[in-house]
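Okay, structure first, notes after.
Keep in mind that the numbers below use all heavy atoms, side chains included, and drop hydrogens, waters and symmetry copies. Letters A, B, ... are given to chains in the order of the sequence lines, protein chains preceding strands, and every chain is numbered from 1.
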Protein chains: 2
Amino acid sequence: MDKKIATIQDVAARAGVSTATVSRTLSKPSVVAKATREAVLAAVDRTGYRVNATASNLRRQRTGSVIALIPNLANPFFSQILAGINSVLHPVGYGLLIADTQAGPNPEDRLSAYLQSSMADGLILFDGTLSAEALKNPGRPPVVLACEWMDDDLPSVRTENARGAALAVGHLFDMGHRRIGHITGPQGNVLSETRLAGYRDALAERGVSTPPDWVFDGDFSMDSGAAAAQKWLQLETRPTALFCASDEMAVGFMGVVQHRGIRVPEDVSLVGFDNIEVVGHLSPALTTIRQRRTQIGEQAARLLLDMIEAGTLTGPSQIVEVELICRDSVARVPA
Amino acid sequence: MDKKIATIQDVAARAGVSTATVSRTLSKPSVVAKATREAVLAAVDRTGYRVNATASNLRRQRTGSVIALIPNLANPFFSQILAGINSVLHPVGYGLLIADTQAGPNPEDRLSAYLQSSMADGLILFDGTLSAEALKNPGRPPVVLACEWMDDDLPSVRTENARGAALAVGHLFDMGHRRIGHITGPQGNVLSETRLAGYRDALAERGVSTPPDWVFDGDFSMDSGAAAAQKWLQLETRPTALFCASDEMAVGFMGVVQHRGIRVPEDVSLVGFDNIEVVGHLSPALTTIRQRRTQIGEQAARLLLDMIEAGTLTGPSQIVEVELICRDSVARVPA
DNA sequence: GAAAATGTTGTAAACGATTGCGGATTTTGC
DNA sequence: GCAAAATCCGCAATCGTTTACAACATTTTC
């Protein structure tokens, strides 16, 4: 059939009009007369023409895609966010390119490269630790930060981290717990620090004080949750409840303590953060703070599109709500 | 500083050469004289020039990206594969576009759209149920199937599904189990069917027969594993062991039976499939069949690149090895 | 020392679309 | 019935590269 892929010229010839008219029929149908429009559409149909995105993008001085820069692609936390991003990008004709910042040697250089590469009309950045010089360059494409954020005034979409921590700790307190520990995220990460601060504030507010060795260093990974469990086991007086800065760490923690025969929640209560899918299927199902990942992705994409459209480098940061999901990993402590 | 983004013209002017020479310096440095080369590179440096990918792609009749078509982006199973794909694509200058096939209304049309969209030089398809007419079109870009495969002779990269099933069932048999059930993947899916067949063959080979209600319909999701558990609970004579066609279903199953106070593996043994990260942290840690997801991604990407390079629509299908990972979810049955 | 081979660079034509401008043609207003 | 306005469409330039071809200079070969 189609020996070659049809170009706009072929369509124009077939419909007996100029390429300009074909182009207009496809992009602004209202300006072309009904009869011609139909002729053109018929020709498009018969030739199986699809506009060549590359040529179109070149002429329109854009790329038609945005890049999501993710610290670690293998982390399932991001997949749902990507789905959210894609769901808004695709309908308006943008493609989603993905790249992991931590895969290569020096992440900052790679960010710079992406910023200048003219490969995308905008970026969504999931790694707040990156702060390339290139972000200062006024000629760069728009960037929005998702989840994390930076001191600079880059627009961002993030969740109510402090409130999430407060909800978690408050819930434990309300259930009678007074010995409440915490497993942190990686040092230097804004998420970790905000959640840690939220934990401290919530305790202080209620007049509860805790020894320093009840906060365990983690890095959001299951392994680090497991490591925290080892430390917890060695404590002479253990906290009766833990607020974990990520669900994954809660899973890691629960895995090792259960393996030791310790019961959750009877012997230790746990609250996670994120509400990743698996934690609802554990036994016990994990009580956690829900982050609406799809919504984060959607809002970040929408914000970025607006910025691209408006040709601006700034925009309104957005906060998405968290929610406490009560399941079975928290026990009431008898007074 | 840089008021406008520099073009190849700017560089040429600055270096006092033609644009052709600049282009050559950047792509085939060997053909330009050392002195000119250095002058050009210096000019590139001073102007901060980066080649405009869109223009380059247009001229070279390519797009510089490949699309990964994934049934469900929110499924963490794929993220590691994507990481693998990206790790081979990125170094050679290809971008990775992602799209989910099941997001919109009619997946087949969307596949066709992607095939014709001239948005990518090739596709990696993770959904073997799609069989668009467009695949017949000789003008389409190369496609490789990953994980799944089709009756057509599309090249594919997949794991040893049958052998995986055989390993799982064999292990259960060796541990003394004779009442072995199965939770299947979605109907009509090649993976489901191959694993189911592998399960049946392994049993037949050992002269074990099982009633039909010991194979439970699932769809790879945790929820379906949980549903299978409900059915299993209602059986009057229950299998003492289950081979689950996915880890996620094993997790779902384990969640509900443990919730009912049934012990794994003392009361029921489980073997999963995939070795997703979380199952190593459960209590008990899940015995499973490992699929090398990163490797699948890498090989699929490499295969596709070769096909793009060679301009062919076919290529050598590849099988990647599986491995039995013994953990704590299988108990020995006393003779 | 002429002819041939080799090496280096520039000229200019693509690649396939979009769009400002202006010329026809039709409609509207009076 | 005629000028003005509106509508529709084509011409041709343009986006930023790459690359066939030709031109010229320099060596090599015999």
- In whole angstrom, what separates B:Leu26's CG from D:dG16's C1'? 13 Å
- Query: If you take all heavy atoms of B:Arg14 and B:Ala43, which pair is closest and at what distance?
  - Reply: CG-CB, 3.9 Å
- Query: Taking all non-hydrogen atoms of both residues, which atom of B:Val32 and which atom of B:Lys28 are closest, and how far apart?
  - Reply: CG1-O, 4.0 Å
- Item | Heavy-atom side-chain proximity of A:Trp149 to A:Leu125 below 4.5 angstrom | no
Identify all side-chain donor-acceptor contacts of residues 65-72 of chain A below 3.5 Å with residues at least two apart in sequence or on another chain.
from: A:Ser65; atom 1: OG; to: A:Met119; atom 2: O; distance (Å): 3.3
from: A:Asn72; atom 1: OD1; to: A:Ala74; atom 2: N; distance (Å): 2.9

- Message: Is any side-chain heavy atom of A:Leu145 closer than 4.5 Å to one of A:Val157?
- Response: no
- Task: Mind listing the closest non-hydrogen atom pair of B:Val11 and B:Val40 along with its distance?
- Result: CG1-O, 4.2 Å
Which pairs would a plain distance check flag for residues 292-306 of chain B, meaning a side-chain donor or acceptor within less than 3.5 Å of a matching protein atom at least two apart in sequence or in another chain?
from: B:Arg293; atom 1: NE; to: B:Phe77; atom 2: O; distance (Å): 3.4
from: B:Arg293; atom 1: NH1; to: B:Asp274; atom 2: O; distance (Å): 3.2

- Message: Using five pairs at each end of the helix from C:dG1-D:dC30 to C:dC30-D:dG1 to define an axis, what is the angle between those two axes, to 10°?
- Response: 30°
- Message: Under 4.0 Å, counting only non-hydrogen atoms across every strand here, what does B:Ser56 touch: a base, just sugar-phosphate, or nothing?
- Response: sugar-phosphate
- Within-4.5 Å side-chain heavy-atom neighbours: B:Ser79 and A:Phe78: no
- Item | Sugar-phosphate or base contact per nucleotide [nucleotides 7-15 of chain D; S, B, -; heavy atom under 4.0 Å] | -SBBB-BBB
- Message: Under a 3.5 Å distance rule, please check whether A:Asn161 uses its side chain to pair with a backbone N or O of A:Thr159 as donor and acceptor.
- Response: yes
- Can you tell me how far the OG1 atom of A:Thr36 sits from the CD atom of A:Glu38, to the nearest 0.5 Å? 9.0 Å
- Of residues 6-14 of chain A, the positions that come close to DNA chain C - non-hydrogen atoms, cut-off under 4.0 Å: A:Thr7, A:Ile8
- Item | A:Thr63 side chain to A:Asp121 side chain, donor-acceptor N/O pair below 3.5 angstrom | yes
- Query: Using a heavy-atom cut-off of 4.0 Å to chain B, what are the terminal contacting nucleotides of DNA chain C, in 5' to 3' order?
  - Reply: C:dT8 to C:dG16
- Message: Parallel, tilted or perpendicular, judged at 30° and 60°: which one describes the rings of A:Tyr114 and B:His90?
- Response: tilted
- Between A:Pro141 and A:Leu123, which heavy-atom pair has the shortest distance, and what is it? CG-CD2, 4.3 Å
